[in-house]
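Let me begin by presenting the structure, written as structure tokens, before commenting on it.
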Amino acid sequence: MTELSYTPSEIEPRWQRIWETERTWEVSNEEDDRESSYVLVMLPYPSGEPHIGHLKVYSVGDAVAHFHRRAGKRVLNPMGYDAFGLPAENNAIKTGQHPRDSTAKSIASFQKQFREWGISIDWTREFGTHEPTYYRWTQWIFLELFKNGLAYRKDSAVNWCPNDATVLANEQVVDGKCERCGHEVEIRQLEQWFFRITDYADRLVEDLATIEWPEHVKTMQRNWIGRSEGAEVNFTCEDLQIDYPVFTTRPDTLFGATFFVMAPEHPDIERLAAGSGNEDEVREYVNRVLTTEKEERGDADRQKTGVFLGRHVTNPVNGEQLPMYVADYVLMEYGTGAIMAVPGHDQRDYDFATAYDLPIKRVVQGTPEDGGDEHGLPYPGDGPLVNSHPDFDGTPNRDALRAIVSWLDREGKGHQSVNYRLRDWLLSRQRYWGCPIPIVHCDTCGIVPVPEDQLPVVLPDIEDYAPKGKSPLAAATDWVSTTCPMCDGPARRETDTMDTFVDSSWYFLRYCDPRNDEAAWDPKVVAQWSPVDQYIGGVEHAILHLLYARFFVKALHDLGHISHDEPFSRLFTQGMILGEDGEKMSKSRGNVVSPKDIAADFGVDTARCYVLFIGPPDQDAKWDIEGVGGVHRFLTRLWRLSATVADELPDHPIPDDLAGDDLALVRKAHWAIEKVTADMAGRFAFNTAIAAVMELTNECSRAYNVGSPSPGPLRFALATAASLLFPFAPHTASDAYERLTGDRVWEEPWPASDPEFLDDDTFELVCQVNGKVRDRVSAPTDAGSAELKALALASEKLAPYLEGKTVVKEIVVPGKLVNIVVR
RNA sequence: GCGGCGGUGGCGGAACUGGUAUACGCGAUGGAUUCAAAAUCCAUUGCUCGCAAGGGCAUGUGGGUUCGAUUCCCACCCGCCGCACCA
């Protein structure tokens, strides 16, 4: 036999050239009779070179795209770059290199490597979010939202990162620290731009039921939105004749309220304290709290502090006078910034009451089965009401809750209410490398949107990127000073830029119609592709990007620009690839594996196959260089055997009268078709799909090496293996398939299994006694229960276990087993 | 604390609706080939007792349901992730 050697360095570029020159993966917006499928991987942030995580996520996306194509669908698989953002700008501050240049360099590297990976992308739709032809429409969307009251400017307490010198969205603050740089976040009172995402809180929760997303991602979104049902109840301060509504999820405990607490930021604090005799102490407390860092204040284990305001409120249910306190455990952003305190049934109120010696009253009887200690307070569980009101005492608290809320409603003292943890999305950033906010500030006309025909507002070049507490754009004075579109008077441009999550909240719409310069998209074109059928990316975007994109799509839907209202029908979140030490790959740990090196050593197909074979793709997996070798051996074996068989053996058809090893080989091929198809279609079980192709290849290899297969069946089995492997190792599979059949594998439909070959004539019947396997015998596939039972009872190995025993029961599972139960 | 996910050989991991636990790969061992090595090919490989035939034990722990449980139920332990002074 001629020694043929598997040379990815020759095979891979050769096939890539064919796909490139023939524009194989391009797809037009002309509809045909095929079903359309939009397969999308989250667009990458171009920084440096693509890493192993990119290789994995695009290997997953490409496998899905190829599978859909060969299943007869018209597939949209585009590519772009989330090109605005802080890292490029921070690099500019350090090196003076314009972010546009460093970004362009990185994009060039992505373009080159993605082609070398052989990913089946329609490159005609490519764009970066930093291109004026793209962000022109980002600005247009902003104005649409602005004109419809969904984007607004407001002065409020916001998160400020002193290191990055910009405000941050709530979603970008993790444990009181800046998500980007890890610096402690401060609270500042600033005027900023917001998107009214809270208007959509309810639908963002509700519609999770309509999409196929991993449960944990849905849960994270639900947690983040934090919907709680309860009631708003008015407490009146008789001294000042002001009503203070509070939000509570436990109106059943209203009779247990013993004091009242307001957030230090509450606008009425000063007014309430004035003349109460406690003025100085209150002011001092509030000042101290407002300068405390967010993380410290958020620590639940900290001793509760607060100050008496010198006033009282009336409890609407029983007229009791409750002392008013200001305390920092109450947050201004949630509910109404004031709470009724029920120390008997709430841990926090209990802690405060203990610290300040306030009365603690039980109004819900604990029951032992609810985990309620008869005497222990605070008791957060359920039980009958006590010490409340004759009408309610003895009533289960959940029933009393409803009754009390309707009573409050009738009396005009409160009503049912829903509260959300979600805040409006703070989108303005005091940074340079982002999409300019298309707004002009005019002393006469106020906040004026830039007219549509003047878009884009182009990001000007500047000299100094260093943040100075306001946007570096403010230094571009020629750019800043402009004329008001309404009155033609002098005006100033908005100098803040948009959060980059705005850019990535609609890019998937633009891919449908990327070269449209009349509109952001043609709604008809978007409708034919949308929503995205399969979205693929990392879990780290479970809240931020995925929530914002859902909000954008819902808002654009409501404004009549698109017909769908969820962006991504199905979501798949892939796991990370960890270094060989089991840690996250990082330069400082020195455990980084470069896709370039792996491709150079083993070829791209080995790298792609390995990252899919390593384990379930939604789970984290440790890199193992020995494992890469195993996958490489497999590809080598498949290719070399295919090439050898194509050279040596005649191209005979499969005979009609298959028998023996030939039949077994053809059966194995059909088994593999069945297995791989199910693994691809049902779930993303690429690891087991590849394992099935390995089994088929091993079978072919054994047949060739030790058996004497007929050429037809062997060629068929090998071509099937290549065909099934194509979504994972497109170059090797194309090459092997062409050698064997003369055809291009991607032009072939996905193989279909023939039921005739899926079942054998006989199967291995498992013979059990009392559930323990005692023997396995060969039985005809179509044998009935009686026949199978007889076969099992005839087994000599079963005899010793049956001797002298009474048969109690016989269970026969046709095609599987017989279980004899004896006593 | 609340919510989600997970725990299977020396290792990564298989096992569809309760029906042969450990597919596939790695590693290890033996053999073929070779002057030798690499590469390749052929075997063996959960643990344990036994010369063997054969037996016993194994899917985090303890119970339960069942003829039969990795799979279902209850309680618990451990790990990972998200949220958390959210009233």
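By convention in this document, chain letters (A, B, ...) are assigned in the order of the sequence lines, proteins followed by strands, and residues within each chain are numbered from 1.
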task = Check whether any side-chain heavy atom of A:Ile339 sits under 4.5 Å from a side-chain heavy atom of A:Thr248, and report yes or no.
result = no
message = Just to be sure I understand the rule, does A:Gln347 reach a base, reach only the sugar-phosphate, or reach nothing, if contact means heavy atoms closer than 4.0 Å?
response = nothing
query = Does A:Lys809 make a side-chain N or O approach to OP1 or OP2 of B:C67 shorter than 4.0 Å?
reply = yes
remark   = A:Trp623 atom CH2 is separated from B:C26 atom P, nearest whole Å, by 15 Å
query = At under 4.0 Å between heavy atoms, what does A:Asn419 touch on the DNA or RNA strands: base, sugar-phosphate, or nothing?
reply = nothing
message = Under 4.0 Å, heavy atoms only, any strand: does A:Arg302 hit a base, just the sugar-phosphate, or nothing?
response = base
remark   = Atom CG of A:Leu725 and atom P of B:C24 are separated, to the nearest Å, by 17 Å
request  = Determine: side-chain N/O of A:Asn223 to OP1/OP2 of B:A84, distance under 4.0 Å, yes or no.
outcome  = no
inquiry  = Return whichever of A:Trp671 or A:Tyr329 has its heavy-atom-nearest nucleotide of RNA chain B closer to the 5' end.
reply    = A:Trp671
query = When you measure from the side chain of A:Asn159 to the backbone N and O of A:Val185, does any donor-acceptor pair fall under 3.5 Å?
reply = no
message = My understanding is that a pair needs two contacts under 3.5 Å, Watson-Crick or G-U wobble. By that rule, which nucleotide pairs with B:C2?
response = B:G82
task = Using the P atoms only, state how far B:U44 lies from B:C26, rounded to an integer number of Å.
result = 16 Å
key: Selected nucleotide, minimal atom distance to A:Asn819 side chain, candidates B:G56, B:U40, B:C67   = B:C67
inquiry  = Are more than 12 heavy atoms, taken from residues, nucleotides or ligands other than A:Asp661, located less than 6.0 Å from that residue's CG atom?
reply    = no
key: C1' spacing across the pair B:C76 / B:C85, given as an integer number of angstrom   = 30 Å
key: Selected nucleotide, minimal atom distance to A:Ile614 side chain, candidates B:G12, B:G82, B:A87   = B:G12
ask   = To the side chain of A:Val773, which of B:C57, B:A21, B:C41 is closest?
value = B:A21
ask   = Which part of the nucleic acid does A:Lys218 contact within heavy-atom distance under 4.0 Å: base, sugar-phosphate only, or nothing?
value = nothing
task = Could you tell me whether A:Val342 contacts a base, only the sugar-phosphate backbone, or nothing, with contacts defined as non-hydrogen atoms closer than 4.0 Å?
result = nothing
request  = Could you check whether A:Lys816 gets within reach of a base, just the sugar-phosphate, or nothing at all, counting any heavy atom under 4.0 Å?
outcome  = base
request  = Mind checking A:Tyr801 for me? I need base, sugar-phosphate or nothing, with any heavy atom below 4.0 Å counting as a touch.
outcome  = sugar-phosphate
Check ion pair A:Arg398-A:Asp252 (N to O, under 4.0 angstrom) = no
message = Mind checking if A:Pro616 touches a base, just sugar-phosphate, or nothing, with heavy atoms under 4.0 Å?
response = sugar-phosphate
inquiry  = Would you say A:Arg222 places a side-chain N or O within less than 4.0 Å of OP1 or OP2 belonging to B:C83?
reply    = no
query = After noting the C-alpha distance and the side-chain angles of A:Tyr350 and A:His345, does the key distance pass the ring pair (Phe, Tyr, Trp, His ring centres under 6.0 Å) rule?
reply = CA-CA 7 Å; A:Tyr350 182 88; A:His345 303 281; over 10 Å; no
request  = Have a look at A:Arg774 and say if it touches a base, only the backbone sugar-phosphate, or nothing, with a 4.0 Å heavy-atom cut-off.
outcome  = sugar-phosphate
key: Any A:Arg702 side-chain N or O less than 4.0 Å from OP1/OP2 of B:C42   = no
request  = Rounded to whole angstrom, note down the C1' distance from B:G46 over to B:C42.
outcome  = 23 Å
ask   = Contact class for A:Asn687 (heavy atom, under 4.0 Å): base, sugar-phosphate, or nothing?
value = sugar-phosphate
inquiry  = Using whole Å, what does the distance between atom C1' of nucleotide B:C81 and atom NZ of A:Lys584 come to?
reply    = 12 Å
inquiry  = Please name the nucleotide paired to B:A87 by Watson-Crick or G-U wobble geometry with both distances under 3.5 Å, or report none.
reply    = none
key: Distance between P atoms of B:A28 and B:G79 (Å, rounded)   = 32 Å
key: Complementary nucleotide for B:C67 - Watson-Crick or wobble, under 3.5 Å   = B:G19
inquiry  = Mind checking if A:Gln768 touches a base, just sugar-phosphate, or nothing, with heavy atoms under 4.0 Å?
reply    = base
task = May I ask you to test the A:Leu204-A:Ile197 pair for a side-chain heavy-atom distance under 4.5 Å?
result = yes
Salt bridge flag under 4.0 Å for residues A:Glu215 and A:Arg222 = yes
inquiry  = Taking the P atom in each of B:G10 and B:U48, what is the distance between them to the nearest angstrom?
reply    = 9 Å
ask   = Checking all strands, does A:Gly335 fall into the base, sugar-phosphate, or nothing category for heavy-atom contacts under 4.0 angstrom?
value = nothing
inquiry  = Rounding to an integer number of Å, can you tell me how far A:Met220 CE sits from B:G82 P?
reply    = 7 Å
task = Pick base, sugar-phosphate or nothing for A:Arg683, based on heavy-atom distances below 4.0 Å to the nucleic acid.
result = sugar-phosphate
ask   = Thinking salt bridges, do A:Glu580 and A:Lys622 make one under a 4.0 Å N-O criterion?
value = no
ask   = Which base, if any, makes a Watson-Crick or G-U wobble pair with B:U40, both distances under 3.5 Å?
value = B:A32
key: Counterpart base for B:G10, defined by Watson-Crick or G-U wobble contacts under 3.5 Å   = B:C26
task = Provide the distance between the two C1' atoms, one in B:A23 and one in B:U45, to the nearest whole Å.
result = 15 Å
key: In B:G79, glycosidic geometry as syn within 90° of 0 or anti otherwise   = anti
ask   = From the list B:G19, B:A87, B:G27, which nucleotide is the closest neighbour of the side chain of A:Glu626?
value = B:G27
message = When you measure from the side-chain N and O atoms of A:Arg633 to the phosphate of B:G27, is any distance below 4.0 Å, counting only OP1 and OP2?
response = yes
ask   = In whole angstrom, what separates A:Glu333's CD from B:A84's P?
value = 12 Å
ask   = Taking only N and O in the side chain of A:Asn698, is any of them less than 4.0 Å away from OP1 or OP2 of B:A23?
value = no
query = Given atom CG of A:Asp624 and atom C1' of B:G25, what is their separation to the nearest angstrom?
reply = 9 Å
Closest to the A:Val706 side chain, choosing from B:G4, B:C42, B:C67 = B:C42
task = Once you apply the 3.5 Å cut-off to both distances, tell me the Watson-Crick or G-U wobble partner of B:C57, or none.
result = B:G46
key: A:Thr688 vs B:G13: side-chain N/O to OP1/OP2 distance below 4.0 Å   = no
task = Give one of base, sugar-phosphate or nothing for A:Val766, where a contact means two heavy atoms less than 4.0 Å apart.
result = base
request  = May I ask you to decide whether A:Lys584 forms a salt bridge with A:Asp620, counting only side-chain N to carboxylate O separations under 4.0 Å?
outcome  = no
query = Between B:U20, B:G19, B:C24, which nucleotide has the shortest distance from any of its atoms to the side chain of A:Arg776?
reply = B:U20
message = What's the gap between B:C5 and B:C72 when it is taken at their P atoms, as a whole Å value?
response = 12 Å
query = Any Lys/Arg nitrogen of A:Lys805 or A:Glu803 sitting under 4.0 Å from an Asp/Glu carboxylate oxygen of the other?
reply = no
ask   = More 5' along RNA chain B: A:Phe613 or A:Asp620, using each one's nearest nucleotide?
value = A:Asp620
ask   = For B:A87, does either OP1 or OP2 sit under 4.0 Å from a side-chain N or O belonging to A:Lys304?
value = no
inquiry  = Taking only side-chain N and O atoms of A:Tyr334, does any of them lie within less than 4.0 angstrom of OP1 or OP2 on B:C83?
reply    = no
request  = Using atom CD of A:Glu810 as one end and atom C1' of B:U66 as the other, report the distance to the nearest whole Å.
outcome  = 18 Å
request  = Determine the interatomic distance between C1' on B:U61 and the same-named atom on B:U17; round to the nearest Å.
outcome  = 28 Å
